[in-house]
Engineer: 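Got a structure here, written out as structure tokens. Questions coming.
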Amino acid sequence: MSIITEITLIAVVVSIACALPGVFLVLRGTTMVSDAITHTVLLGIVIAFFITRDLNSPLLLIGATLTGVFTVWAIEALQRTKLLGDDAAIGVVFPLFFSIAIILITRFTGDIHLDQDTVLMGELAFAPFRRLTVFGIDIGARAFVTMLVILLINTGFVALFYKELKVTTFDAAFAAALGFSPALIYYGLMTLVSLTAVGAYDSVGSILVVGFMVGPGLTAYLLTHELKKMIGLAVVFAVINSVIGVRLAFAMDSSIAGMIAVVTGVTCLIAFIFSPKKGLIKSTITRKREQKIFDDKIKNIG
Amino acid sequence: MWNQIIALFSDYTFQIVALGTGFLGLLSGVVGTFVTLKKESLLGDALSHSALPGIGIGFLLIQSKELIVLLLGAAVSGLLATGLIHLMSKKTTVKFDSALSLVLSSFFGLGLVIMTYIQGSPNAQQAGLDNFIFGQASAMLIRDVRLIAIVGIIILLLVGLFWKEFKLFTFDSDFGKTMGYSERFVEMLLSTMVVLTIILGLESVGVILVSALLIGPAVAARQWSDRLNIVVILAGIVGFVSGISGTLISSIGNRIPTGPSIVVVLSVFVLSSLFFSPKRGIIAKRSSYRKQKRTIEQKLQALKEGQIK
């Protein structure tokens, strides 16, 4: 398998794994919480690394995921005090966790194989060289295998709890009345977001993960009103964005994850302007037409 | 320890850096109060990330690290991003926070693409350009501090001049509009001030953490007063003190980056204000809740006993 095919494959798997929970983040309007998570899992990664001394340990994955869940809890606890706005609570929690992580990394950067650039920016170009071997047999690039497992977990969660996710996303009060726990589903979703962010950090870095999550979901949201179609479209766009992104990055010899984020932004912008359902052009025309009808009515009254 | 601190305060480099970060903290405290009260504080986060491609393009255009040009590029791309976020969230059904995260990551991605492209070019001038991502306060020069001071004083003057308008639109924009003030003008002015503040902070605190400086001081100050003028002044002071003490800690300690160290100091202010504020604080609220509960229980008890008799 050539390097570019392998990188494309990894990028596609990462993108789909991110896009699945992303659909629900977009619908719930909690994408900035996921942005906070992608920053704070860094602290989990660093602390877990100090304990295990091994960047490949599965404990790292679990510890960092727990930090993500803890972040969600901390943000909610602050929001419940009503002493500060919901957005300010996010803006208070993640810079603190992130700063502690950066201080730890810089202080001990000589001793450990973990520097801030790789963690933040990631580098897909190196992903094929980090192999995963089980009993001496090479079973593929580590990022590919990890993200494939995470993708399966995400798919399983969405498929199993589709009904619960749907009802808690669109009408939390109704869901609670039916006996579903919106909080439980919310935390389940956020655990997946954390897990995905941790899994993706070494290939795409912790800042761009949020784009991988929100972009395809938002593009799909602009094009349809149906949840099932939205999920399908999000997956399609995740694939398209990463394939085009990898090609362009190779052509220009630049950051691959960065290029995928740019392509994601561009496809979303195109959908935003031209979508026949919710696009900018469509909504401007509708507004103008309604204004005219209203004006005519007013005139008739006069 | 004390000798070390005293020696540090007479150190020229430290004086410059501390002055710069202190003034930066003051400025972002003042400007941040308005955005935080308007519940648009995360806009700063998106803005600072979106400044990265502007810095890269600025460098590509002139092929040298002329600070003014880089900051100008940052300002243009930051304002473009703000415009895009407002366009997406106001004209269609896209939610504000979805627009925010999408624009943030796409612009940051573009920034990375341009940075990696520049790194591949043979121009030796490019070294140190990626300092903007994490900030490098120790690289501050006297002219940077002068720039912060000049722009800062202009911003503070503008805040004083348009105090009434800012106050009006922070708390009741509909009322402001019926009074005949232009909302668009006030919003533009505030966005421009936020962009300028963030850009001044990019070099020392970096793209990722500079938004924390906007939110933290305002949240801390808000817990101590209900009056806007006092909150603004307190936020300025909190920002100033955090800037200087963060710089101090990072200079004394071994290998502690300045930006994160400022944020940690600031967070201590925020958390202690949230807990210990005498009127609104978490502890004060809890104890007043307990007191109330006790009086009600006593009254109930008295009522019951009265009935039995």
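Residue numbers start from 1 in every chain, and the chains themselves are labelled A, B, ... in the order their sequence lines are given, proteins ahead of strands.
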Engineer: Below 4.5 Å, heavy atoms only, C-beta onward: do A:I102 and B:P257 meet side chain to side chain?
Structural biologist: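 A:I102 vs B:P257: side chains touch.
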
Engineer: Got A:R107 and B:I256 here, is their nearest side-chain heavy-atom distance under 4.5 Å?
Structural biologist: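 Yes, at least one pair of side-chain atoms sits under 4.5 Å.
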
Engineer: In terms of heavy-atom proximity below 4.5 Å to chain B, should A:L248 be classed as side chain, backbone, both, or neither?
Structural biologist: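 It is neither, since no heavy atom gets under 4.5 Å.
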
Engineer: Going by heavy atoms in the side chains, are A:L83 and B:R222 under 4.5 Å from each other?
Structural biologist: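 No, side chains not in contact.
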
Engineer: Could you tell me which portion of A:D87 (side chain, backbone, both or neither) has an atom closer than 4.5 angstrom to a non-hydrogen atom of chain B?
Structural biologist: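 Looking at A:D87, backbone and side chain both touch chain B.
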
Engineer: Looking at B:A99, B:G109, B:G216, which one has more heavy-atom pairs under 4.5 Å with chain A than the rest?
Structural biologist: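 Looking at each option in turn, the highest pair count goes to B:G109.
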
Engineer: Checking A:T31 against B:D97: is there a side-chain donor and acceptor pair closer than 3.5 Å?
Structural biologist: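 Yes, a side-chain donor-acceptor pair sits under 3.5 Å.
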
Engineer: Is chain A contacted by the side chain of B:L271, its backbone, both, or neither, given a heavy-atom distance below 4.5 Å?
Structural biologist: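 For B:L271, side-chain heavy atoms alone lie under 4.5 Å from chain A.
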
Engineer: Of the non-hydrogen atoms in A:S283 and B:T92, which two are nearest, and what is the gap between them?
Structural biologist: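 In terms of heavy atoms, the two residues are closest at OG-CG2, 4.0 Å.
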
Engineer: Would a 4.5 Å heavy-atom cut-off, applied to side chains only, mark A:I100 and B:V263 as touching?
Structural biologist: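 No. Closest side-chain heavy atoms not under 4.5 Å.
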
Engineer: Kindly indicate whether the side chain of A:L78, heavy atoms from C-beta on, has any atom under 4.5 Å from the side chain of B:L274.
Structural biologist: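 Result yes, sub-4.5 Å side-chain heavy-atom pair found.
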
Engineer: Do the side chains of B:K91 and A:R287 get nearer than 4.5 Å, heavy atoms only?
Structural biologist: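 Side chain of A:R287 against side chain of B:K91, heavy atoms only: contact under 4.5 Å found.
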
Engineer: Is chain B contacted by the side chain of A:I281, its backbone, both, or neither, given a heavy-atom distance below 4.5 Å?
Structural biologist: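 For A:I281, neither part sits under 4.5 Å from chain B.
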
Engineer: For the residue pair A:D253 and B:Y117, establish whether any side-chain heavy-atom pair is separated by less than 4.5 Å.
Structural biologist: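 No, their side chains stay 4.5 Å or more apart.
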
Engineer: Which bit of A:L218 is near chain B, if near means a heavy-atom gap under 4.5 Å: side chain, backbone, both or neither?
Structural biologist: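 A:L218 touches chain B through side-chain heavy atoms alone.
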
Engineer: Could you look at A:I260 and say if it's the side chain, the backbone, both or neither that has a heavy atom under 4.5 Å from chain B?
Structural biologist: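 No part of it gets close to chain B.
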
Engineer: Let's test your reading of the structure: which of B:L110, B:I215, B:L42, B:L102 forms the most heavy-atom pairs below 4.5 Å with chain A?
Structural biologist: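 Of B:L110, B:I215, B:L42, B:L102, B:L42 has the most heavy-atom pairs under 4.5 Å with chain A.
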
Engineer: Under 4.5 Å from any heavy atom of chain A, what part of B:V270 do you find: side chain, backbone, both or neither?
Structural biologist: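 It is the side chain, since no backbone atom gets that close.
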
Engineer: Does A:M252 reach the side chain of B:I114, with side-chain heavy atoms less than 4.5 Å apart?
Structural biologist: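 They are not in contact (no side-chain heavy atoms under 4.5 Å apart), so the answer is no.
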
Engineer: Checking A:T81 against chain B: side chain, backbone, both or neither under 4.5 Å from a heavy atom?
Structural biologist: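 Both parts, heavy atoms under 4.5 Å.
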
Engineer: At a heavy-atom separation under 4.5 Å, does A:F94 approach chain B through its side chain, its backbone, both, or neither?
Structural biologist: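 For A:F94, the contact with chain B is made by the side chain alone.
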
Engineer: So which of B:S106, B:A46, B:G44, B:S273 has the biggest tally of heavy-atom pairs under 4.5 Å with chain A?
Structural biologist: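 Ranked by contacts with chain A, first place is B:S106.
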
Engineer: Quick one: which of B:D45, B:V103, B:I282 has the most heavy-atom pairs under 4.5 Å with chain A, could you say?
Structural biologist: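 The option with the most such pairs is B:D45.
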
Engineer: Using non-hydrogen atoms only, which part of A:S275 is less than 4.5 Å away from chain B: side chain, backbone, both, or neither?
Structural biologist: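 For A:S275, no heavy atom lies under 4.5 Å from chain B.
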
Engineer: Are B:K39 and A:D86 close enough, and set up right, to give a side chain to side chain contact (heavy atoms under 4.5 Å, CB included), and what steps lead you there?
Structural biologist: CA-CA 8 Å; B:K39 303 205 183 304; A:D86 286 1; over 6 Å; no

